[in-house]
Amino acid sequence: NGSIGEHICALRLLKLGIPCRIVNMGATDIFAEFDGKTYRVQVKSSQLKPKSKDKNNHGYQFMVSKGGKKESFTPNDCDIIACVTIDTEFVWFFPVHKMIDRVSKRITPKRFDEHTTERTWKDTIAYLETL
């Protein structure tokens with residue numbers, strides 16, 4: 001799923017007109033260029049999973065941490081974490097600062113729509129520009 005997620009993320013960025021390249025260097029999977037800046041993107045992918053025995057309560061579970069000890073990513077590792085849904089090919093971008101001290105992130109399917117990728121990219125860049 002990792003390689004598929006990276007390619008989906010790169011494709012979605014390219015469709016937004018954002019030049020990018022899959023690099024797989026350390027914690028960086030993709031370099032993306034926007035407004036003269038280069039952003040390091042860590043891609044996490046998931047398929048739809050049941051949350052419990054109740055099949056109506058399902059979601060995407062993203063492991064937004066690194067290593068066997070599940071340490072949080074930091075700004076030293078990457079700038080952006082991209083959570084990619086394998087089945088619907090949506091991407092939800094988060095500034096790495098908002099994922100510190102998180103091991104995983106669950107997002108319900110109803111929170112994704114055709115505008116999620118573009119909206120969360122813009123929100124993430126706006127946040128990073130305030131730092």
Side-chain angles (χ1 to χ4, degrees):
N1 282 346
S3 183
I4 293 170
E6 291 166 5
H7 283 84
I8 291 170
C9 184
L11 175 64
R12 297 297 297 229
L13 286 168
L14 290 168
K15 284 185 171 185
L16 291 174
I18 300 164
C20 64
R21 180 174 303 270
I22 297 173
V23 294
N24 299 116
M25 296 176 58
T28 300
D29 294 318
I30 296 174
F31 282 136
E33 297 177 38
F34 188 76
D35 281 347
K37 296 180 184 175
T38 300
Y39 295 96
R40 301 165 298 154
V41 181
Q42 166 61 222
V43 177
K44 295 297 185 177
S45 57
S46 178
Q47 296 192 47
L48 195 59
K49 297 178 179 134
K51 186 173 183 180
S52 64
K53 292 182 181 182
D54 176 10
K55 297 293 182 193
N56 293 324
N57 192 4
H58 57 286
Y60 296 96
Q61 184 76 29
F62 300 97
M63 297 306 295
V64 292
S65 52
K66 62 182 177 177
K69 294 182 181 181
K70 297 300 177 199
E71 297 176 37
S72 299
F73 287 104
T74 71
N76 291 330
D77 298 310
C78 59
D79 305 302
I80 298 169
I81 296 177
C83 295
V84 177
T85 63
I86 296 294
D87 55 346
T88 57
E89 300 184 0
F90 292 127
V91 183
W92 193 304
F93 295 100
F94 293 96
V96 69
H97 301 80
K98 292 190 175 185
M99 291 290 117
I100 292 176
D101 297 327
R102 303 271 325 236
V103 172
S104 66
K105 174 74 177 167
R106 181 177 280 280
I107 306 173
T108 60
K110 66 183 177 184
R111 295 199 58 206
F112 288 96
D113 63 41
E114 63 188 59
H115 305 292
T116 299
T117 302
E118 184 175 9
R119 185 184 70 251
T120 61
W121 174 263
K122 288 179 179 178
D123 291 348
T124 296
I125 296 303
Y127 178 89
L128 291 173
E129 288 176 346
T130 66
L131 300 179

If you take all heavy atoms of [X] and [Y], which pair is closest and at what distance?
{"X": "Ser72", "Y": "Lys66", "result": "O-CE, 3.6 Å"}
{"X": "Phe31", "Y": "Thr38", "result": "CD2-CG2, 3.9 Å"}
{"X": "Cys20", "Y": "Ala10", "result": "SG-O, 3.5 Å"}
{"X": "Thr28", "Y": "Asp77", "result": "OG1-O, 3.5 Å"}
{"X": "Pro75", "Y": "Arg40", "result": "O-NH2, 2.6 Å"}
{"X": "Val84", "Y": "Cys9", "result": "CG2-CB, 4.0 Å"}

Under a 4.5 Å cut-off applied to non-hydrogen side-chain atoms, are [X] and [Y] in contact?
{"X": "Ser45", "Y": "Ile8", "result": "no"}
{"X": "Asp113", "Y": "Arg119", "result": "yes"}
{"X": "Gln47", "Y": "Ile86", "result": "yes"}

Is [X] linked to [Y] within one hydrophobic cluster, defined over Ile, Leu, Val, Met, Phe, Trp and Tyr using a side-chain heavy-atom separation of less than 4.5 Å?
{"X": "Val43", "Y": "Met99", "answer": "no"}
{"X": "Phe73", "Y": "Ile107", "answer": "yes"}
{"X": "Val41", "Y": "Ile4", "answer": "yes"}
{"X": "Ile80", "Y": "Phe94", "answer": "no"}
{"X": "Leu128", "Y": "Ile30", "answer": "yes"}

When the ring planes of Tyr127 and His97 are compared, do they come out parallel, tilted or perpendicular, using 30° and 60° as the limits? tilted
Find the distance between [atom1] ([X]) and [atom2] ([Y]) and round it off to the nearest 0.5 Å.
{"X": "Thr124", "Y": "Lys98", "atom1": "OG1", "atom2": "NZ", "value": "7.5 Å"}
{"X": "Cys83", "Y": "Met63", "atom1": "SG", "atom2": "CE", "value": "11.5 Å"}
{"X": "Glu129", "Y": "Leu131", "atom1": "CD", "atom2": "CG", "value": "10.0 Å"}
{"X": "Ile100", "Y": "Glu71", "atom1": "CD1", "atom2": "CD", "value": "12.5 Å"}

Single hit among Phe90, Phe112, Trp92 for ring pair (Phe, Tyr, Trp, His ring centres under 6.0 Å) with Tyr60: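 Only match with Tyr60 under ring pair (Phe, Tyr, Trp, His ring centres under 6.0 Å): Phe112.
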Of Trp121, Tyr39, Phe34, the one forming a ring pair (Phe, Tyr, Trp, His ring centres under 6.0 Å) with Phe93 is Trp121
Kindly indicate, with the supporting measurements, whether the criterion side-chain contact (heavy atoms from CB on, under 4.5 Å) is fulfilled by Lys105 and Ile81. CA-CA 11 Å; Lys105 174 74 177 167; Ile81 296 177; over 6 Å; no
I'd like to know if the side chain of [X] and the backbone of [Y] have a donor-acceptor N/O pair within less than 3.5 Å.
{"X": "Arg12", "Y": "Glu89", "answer": "yes"}
{"X": "Ser46", "Y": "Phe62", "answer": "no"}
{"X": "Glu33", "Y": "Pro19", "answer": "no"}

Is the count of non-hydrogen atoms from other residues, nucleotides or ligands lying under 6.0 Å from [X] atom [atom1] greater than 12?
{"X": "Glu114", "atom1": "CD", "value": "no"}
{"X": "Lys122", "atom1": "NZ", "value": "no"}
{"X": "Arg111", "atom1": "CZ", "value": "no"}

Testing Val23, Leu11, Asp29 one by one against Glu6 for a side chain to side chain contact (heavy atoms under 4.5 Å, CB included), which residue passes?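 Answer after filtering Val23, Leu11, Asp29: Asp29.
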